[in-house]
Amino acid sequence: MKIGITCGGIGPYASGDFLRRSIQVAERVGFSHYWLPEHVVQFAAYPMSKYPYAEGSGQDLPEQNPDAPLQFGDDTYAMSDPRNPLVDPVVGMTWLAAATSRIEVGTNILILPQRNAVLLAKALATLDSFSRGRVVLGAGVGWAREEAEAVGINFSERGGRTDEAIAVMRELWRGEASSFTGSFYGFKDAYCFPKPARPGGIPILIGGESEAAMKRVARLGDGWLPYNLAVEDAAAAIARLKEMTERHGRAPAALRIIKIVYSSASPDDLKRYRDAGVTEFNVASSGEIPLDDAGMDAKMLEFKERLIDPLAGW
């Protein structure tokens with residue numbers, strides 16, 4: 001089984017130097033993908049919104065340094081300080097891809113309705129072409145009304161905007177002369193080159209565990225990025241997702257189901273997730289990886305011995 005890591009892009013881990021060094025070490029020790037999160041703007045409080053990830057990833061919370069920029073158990077918002085830098089993921093992925101040769105670069109997750117889908121399709125296709133097919137788009141609708149309003153979109157339209165954005169990008173990636181008519185986008189005989197290097201376009205994985213998110217995976221997604229999914233609930237949720245996917249005339253076996261876990265995940269839990277239908281893992285890390293070269297190398301080697309090597313044999 002493949003395993004990736006989300007460890008950069010926030011706070012002291014948002015520098016170009018940390019991103020470059022950490023992905024190079026991650027590639028060297030055998031991580032298969034490296035992910036970046038997204039928020040365009042942040043706020044000290046979210047009076048109109050409910051943070052959906054306070055319950056954790058379905059495992060016991062790991063021990064964390066109090067200075068870690070993300071506090072996994074915070075029930076209001078995981079970011080410890082809204083002034084923490086948080087890099088643009090498309091720019092960040094470009095930097096990461098240029099520093100590596102094999103590892104996939106992905107977004108975990110990009111808030112799709114807040115982006116112009118035509119411009120995003122162009123940027124991602126260019127990056128996928130340059131990186132020889134190593135881009136993965138993890139997408140979600142977003143949870144913060146405050147951020148959506150700052151970007152200038154109607155928060156209540158985010159589901160429809162997301163569905164349409166996926167259709168727009170795939171049309172531009174796959175067609176020669178592309179046409180689309182929708183509520184938010186429309187064009188006829190539009191030429192958008194370069195195309196992604198991956199046949200069929202860039203994989204789009206959907207984040208979230210709501211009913212709407214599950215339906216979006218079944219109808220439109222190349223995979224699922226669940227976070228709030230306890231191990232005892234995984235088998236039923238994945239079986240239901242596959243049934244929904246099949247009802248839409250799509251192949252459930254083709255879905256990439258990448259469970260987001262903490263580095264403290266036990267081998268038993270990982271095996272149970274695998275048996276439930278999870279196809280890959282993504283380690284969410286905050287504050288664990290030292291900034292110096294020696295400390296970073298040691299921590300990544302620990303991940304290799306404890307997580308990467310055992311999963312490679314599964």
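Computation of the quantities below employed the complete heavy-atom set of this structure, encompassing side-chain atoms and omitting hydrogens, waters and symmetry-equivalent molecules.
- Atom CD1 of I257 sits about 4.5 Å away from atom CD1 of I238, to the nearest 0.5 Å.
- With sequence neighbours excluded, no residue satisfies ring-ring contact (aromatic ring centres under 6.0 Å, His included) with F155.
- Under the 6.0 Å distance and 45° angle rule, K195 counts as a cation-pi partner of F193.
- Note: Y53 and W143 fail the aromatic proximity criterion, with ring centroids not under 6.0 Å apart.
- For the pair T107 and M93, the tightest heavy-atom approach, listed with the atom from each and the gap, is CG2-CE, 3.7 Å.
- A donor-acceptor pair is defined here as one N or O able to donate and one able to accept, closer than 3.5 Å; such a pair exists between the side chain of R250 and the backbone of G221.
- By the side-chain contact (heavy atoms from CB on, under 4.5 Å) test, E288 pairs with S263, S285, F303, sequence neighbours left out.
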Can you give each donor-acceptor pair under 3.5 Å made by side-chain atoms of residues 179-190, sequence neighbours left out, with the distance rounded to 0.1 Å?
residue, atom, partner, partner atom, Å
S179, OG, D189, N, 2.9
Y185, OH, R115, O, 3.4
Y185, OH, A117, N, 3.0

Test side chain to side chain contact (heavy atoms under 4.5 Å, CB included) on H39 and I111 and set out the steps.
CA-CA 8 Å; H39 282 292; I111 306 170; 3.7 Å; yes

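- Residues satisfying the salt bridge (charged side-chain N to carboxylate O under 4.0 Å, His left out) criterion with D292, sequence neighbours excluded, are absent altogether.
- S49 and Y77 share no side-chain donor-acceptor pair at under 3.5 Å.
- Once rounded to the nearest 0.5 Å, the distance linking CG of L124 with CG of L137 reads 6.0 Å.
- V118 and I204 fall into different hydrophobic clusters, where Ile, Leu, Val, Met, Phe, Trp and Tyr are joined by side-chain heavy atoms under 4.5 Å apart, directly or via other members.
- Alongside V91, the hydrophobic cluster contains no other residue (criterion: ILVMFWY side chains under 4.5 Å).
- Looking at residues two or more places apart in sequence or on another chain, you find no salt bridge (charged side-chain N to carboxylate O under 4.0 Å, His left out) involving K242.
- S178 contributes a side-chain N or O that, together with a main-chain N or O of E171, makes up a donor-acceptor pair within less than 3.5 Å.
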